[in-house]
Amino acid sequence: MGWTDFKEIKSIILKRWEKGDLVREKLVFPWKIKLKAPNSKEILSDISKFFTWRKELKRTDKSNLGYGYNIIEKEIKNKILGKNPIPTYIEIVSADDALKLIKKENEMKRILENSSFILEKYPKLQKWIEKNIFKILMEKNEIKKILAVVEYILKNSVKDTYLREISIENIDTKFIENHKKMIFSMLDEILSDDLSLLEEKLSIRKKPQLIRFRILDEKYYIHGFSDISVPIQEFNSWENNFSHIFFTENEISFLSFPNYKNALIIFSKGYSIHIFKENRWLNNKKLYYWGDMDTHGFNILGIAREIFPNLKSFLMNEEIFFKHKEFWVVEDKPFLAEVKGLNYEESLFCKKLQENIWGKNLRLEQERINFSYLKEYLKKLEID
């Protein structure tokens, strides 16, 4: 273990800065820091190293720099060396000294100025500042703009509008978008005593999640369109007469999926399947899921089946898996927790993958499955 040097002293102070202790005045001054110092045996083994270490510590102390730390020494006695003072602690008298050592005076000044400016406008943000102390480490003009947006939202009706619709002089909506997390967390604190008003102010419309689907029956194309993307809310309220709905998590599989009578296919993008939990009409259809044969593919299937209890999987069985053995690849980060929502065969298959029965972290991606198996499955489905 090395002896404490100037670099390590600054590192100790910097860690307390990064924790916010200097800004929040959680340090008691004078602040004493114990040094890792050599013992008598270490001094004797390399006396030159000891003198250099002590000299370097003194070269950067307050008496030389004009700021920083004072050295507290203890005298040790040795038969060979006689009496020698050895540094055991440093003492930092004030927060200013600590800040100068790590060159954070300007940042501290900006934080204090911005904090004072915010509290002058909104005293209720005292606790918010304490929690988000380094978030206000920005130019004062930026803080002014953020508070101007906060003021606008507090004074105007913004319910069910997009951020793009907010019009404030000298502030563009890109700025609002980039700082919306900070703006809304401030509003959350300011309106914490008025939950109904808070709910209204935070109900600004968000960019909608789009659902992409392909209509597989030309008879049902919408004004000639077959590949369509719509907001999830519109998709959920859509009245339609399709009987069969397929889900797939791979875009190429989605695009190449064969035509099928009175059906459509949804590009569910893996774990994004959860966005359908508010949908009501899908559970009245015949539902089919096709995913990768790996631990995550089965976990997604399990999540989907919690939303759609009658969902059937297809081309996700051991027979298909072994018929494509040459296309097996390695799954980077397998899902090893219990997978719920699977039937007996699916659950057994998934456990074998998790337990590496046939090899470590094996997977078969759906796009590697021979297309003829998909056609064959759909043909049988039509007969059934």
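Remember, it's a predicted structure, so these values are computed and weren't measured experimentally.
- Judged by the 6.0 Å and 45° rule, Lys62 forms no cation-pi pair with Tyr69.
- If you look at Phe134 and Trp17, their ring centroids are closer than 6.0 Å.
- Between Phe50 and Trp3, the ring-plane angle classifies as perpendicular under the 30° and 60° cut-offs.
- Paired with Glu56 under the rule salt bridge (Lys or Arg N to Asp or Glu O under 4.0 Å), one option of Arg59, Lys58, Arg54 passes, and it is Arg59.
- Counting non-hydrogen atoms of neighbouring residues, nucleotides and ligands closer than 6.0 angstrom, the NZ atom of Lys351 reaches no more than 12 such neighbours.
- At least one side-chain heavy atom of Met293 sits less than 4.5 Å from a side-chain heavy atom of Phe349.
- Dense packing is recorded around NZ of Lys124, with more than 12 heavy atoms of other residues, nucleotides or ligands lying under 6.0 Å away.
- For Ala37 against Pro87, the heavy-atom pair with the smallest separation is CB-O, 3.4 Å.
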For a ring-ring contact (aromatic ring centres under 6.0 Å, His included) check, start with the C-alpha distance between Trp281 and Phe235, then their side-chain angles and the critical distance, and finish with the verdict.
CA-CA 10 Å; Trp281 61 264; Phe235 183 81; 5.1 Å; yes
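- Partners of Arg24 according to the side-chain contact (heavy atoms from CB on, under 4.5 Å) rule, which considers only residues two or more places apart in sequence or in another chain, are Lys26, Ile133.
- Contact check for Val339 versus Glu346: no side-chain heavy atoms found under the 4.5 Å cut-off.
- Between Lys15 and Glu18, no side-chain nitrogen of the basic residue sits less than 4.0 Å from a carboxylate oxygen of the acidic one, so the salt-bridge criterion is not met.
- By the neighbour-count criterion of 12 heavy atoms within 6.0 Å, atom NZ of Lys121 is sparsely surrounded, having that number or fewer from other residues, nucleotides or ligands.
- Residues meeting the salt bridge (Lys or Arg N to Asp or Glu O under 4.0 Å) test with Glu218, sequence neighbours left out: none.
- Applying the side chain to side chain donor-acceptor pair (under 3.5 Å) rule to Arg16 yields the partners Asp21; only residues at least two apart in sequence or on another chain are considered.
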Passes side-chain hydrogen bond (donor to acceptor under 3.5 Å, both in side chains), Asn236 versus Asn279? Steps please.
CA-CA 5 Å; Asn236 285 345; Asn279 188 285; 2.8 Å; yes
With ring-ring contact (aromatic ring centres under 6.0 Å, His included) as the criterion, how do Phe314 and Tyr289 come out once you've worked through the C-alpha distance, each side chain's angles and the decisive distance to 0.1 Å?
CA-CA 6 Å; Phe314 65 99; Tyr289 176 82; 8.2 Å; no
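- Partners of Glu130 by salt bridge (Lys or Arg N to Asp or Glu O under 4.0 Å), not counting sequence neighbours: none found.
- Phe257 is listed as a side-chain neighbour of Trp290, based on a closest heavy-atom distance under 4.5 Å.
- Shown here are the side-chain contact (heavy atoms from CB on, under 4.5 Å) partners of Glu113, two or more places apart in sequence or in another chain: Lys109.
- Counting non-hydrogen atoms of neighbouring residues, nucleotides and ligands closer than 6.0 angstrom, the CD atom of Glu75 exceeds 12 such neighbours.
- The two atoms that bring Ile275 and Ile232 nearest to each other are O-CD1, 3.7 Å, heavy atoms only.
- In summary, Glu139 and Arg110 engage in a salt bridge, as defined by a charged side-chain N under 4.0 Å from a carboxylate O.
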Could you go through Asp188 and Ser185, starting from their C-alpha distance and side-chain angles, then the distance that decides it, and tell me whether this counts as side-chain hydrogen bond (donor to acceptor under 3.5 Å, both in side chains)?
CA-CA 5 Å; Asp188 193 21; Ser185 66; over 6 Å; no
Asn299/Tyr271 under side-chain hydrogen bond (donor to acceptor under 3.5 Å, both in side chains): CA gap, chis, key distance, verdict
CA-CA 9 Å; Asn299 190 42; Tyr271 280 103; 3.0 Å; yes
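- Partners of Lys127 under the salt bridge (Lys or Arg N to Asp or Glu O under 4.0 Å) rule, at least two apart in sequence or in another chain, do not exist in this structure.
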What donor-acceptor contacts under 3.5 angstrom involve side-chain atoms of residues 315-326, with partners at least two apart or in another chain?
residue : atom : partner : partner atom : Å
Asn317  : OD1  : Glu319  : N            : 3.2
Asn317  : OD1  : Ile320  : N            : 2.9
Glu318  : OE2  : Lys352  : NZ           : 3.1
Glu319  : OE2  : Lys323  : NZ           : 3.0
His324  : ND1  : Ile320  : O            : 2.8
His324  : NE2  : Asn370  : N            : 3.0

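- With salt bridges taken as basic N to acidic carboxylate O contacts below 4.0 Å, one links Arg368 and Glu365.
- Contact between Ile300 and Gly270 at its shortest, heavy atoms only, is CG2-O, 3.4 Å.
- Using a 4.5 Å heavy-atom cutoff, the side chains of Leu287 and Lys312 are not in contact.
- For the atom pair CD1 of Ile71 and CG of Leu35, the computed distance is 8.0 Å after rounding to the nearest 0.5 Å.
- The hydrophobic cluster of Leu336 has no other members, since no ILVMFWY side-chain heavy atom comes under 4.5 Å of it.
- The ring pair (Phe, Tyr, Trp, His ring centres under 6.0 Å) search around His179 returns Phe175, not counting sequence neighbours.
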Verdict with reasoning, Thr248 to Gln366, per side-chain hydrogen bond (donor to acceptor under 3.5 Å, both in side chains):
CA-CA 9 Å; Thr248 185; Gln366 59 179 237; 2.6 Å; yes
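- Taking all atoms of both residues into account, the shortest heavy-atom contact from Leu381 to His244 is CD2-CD2, 4.3 Å.
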Applying ring-ring contact (aromatic ring centres under 6.0 Å, His included) to Phe247 and Phe267, what does each step give before you reach the verdict?
CA-CA 6 Å; Phe247 291 90; Phe267 181 27; over 10 Å; no
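- Considering only residues two or more places apart in sequence or on other chains, Glu8 meets the salt bridge (Lys or Arg N to Asp or Glu O under 4.0 Å) condition with Lys36.
- Taking 4.5 Å as the limit, every side-chain heavy atom of Glu331 sits out of range of all side-chain heavy atoms of Asp292.
- For Asp96, the side chain to side chain donor-acceptor pair (under 3.5 Å) test picks out no residue, with sequence neighbours left out.
- Taking the side-chain contact (heavy atoms from CB on, under 4.5 Å) definition, one finds that Asn39 meets it with Lys41, Glu42, sequence neighbours left out.
- Taking the six-membered ring for Trp and the full ring otherwise, the centers of Trp238 and Phe213 sit less than 6.0 Å from each other.
- Inter-residue side-chain proximity for Val150 and Leu154 is flagged as met; some heavy-atom pair is nearer than 4.5 Å.
- Tyr260 and Phe246 have their aromatic ring centers within a separation under 6.0 angstrom.
- What you find for Pro309 and Ile307 is that their closest heavy atoms are CD-O, 3.5 Å.
- Asn250 places none of its side-chain heavy atoms less than 4.5 Å from the side chain of Phe254.
- Within the 4.5 Å cutoff, the side chain of Ile136 has heavy atoms near those of the Met182 side chain.
- Using cut-offs of 30° and 60° on the angle between ring planes, the pair Tyr288 and Tyr377 is perpendicular.
- For the atom pair CD1 of Ile265 and CD1 of Ile245, the computed distance is 10.5 Å after rounding to the nearest 0.5 Å.
- Scanning both residues, Pro258 and Lys375, for their nearest heavy atoms gives CG-CG, 4.4 Å.
- A salt bridge links Lys104 to Glu107: at least one charged side-chain nitrogen sits closer than 4.0 Å to a carboxylate oxygen.
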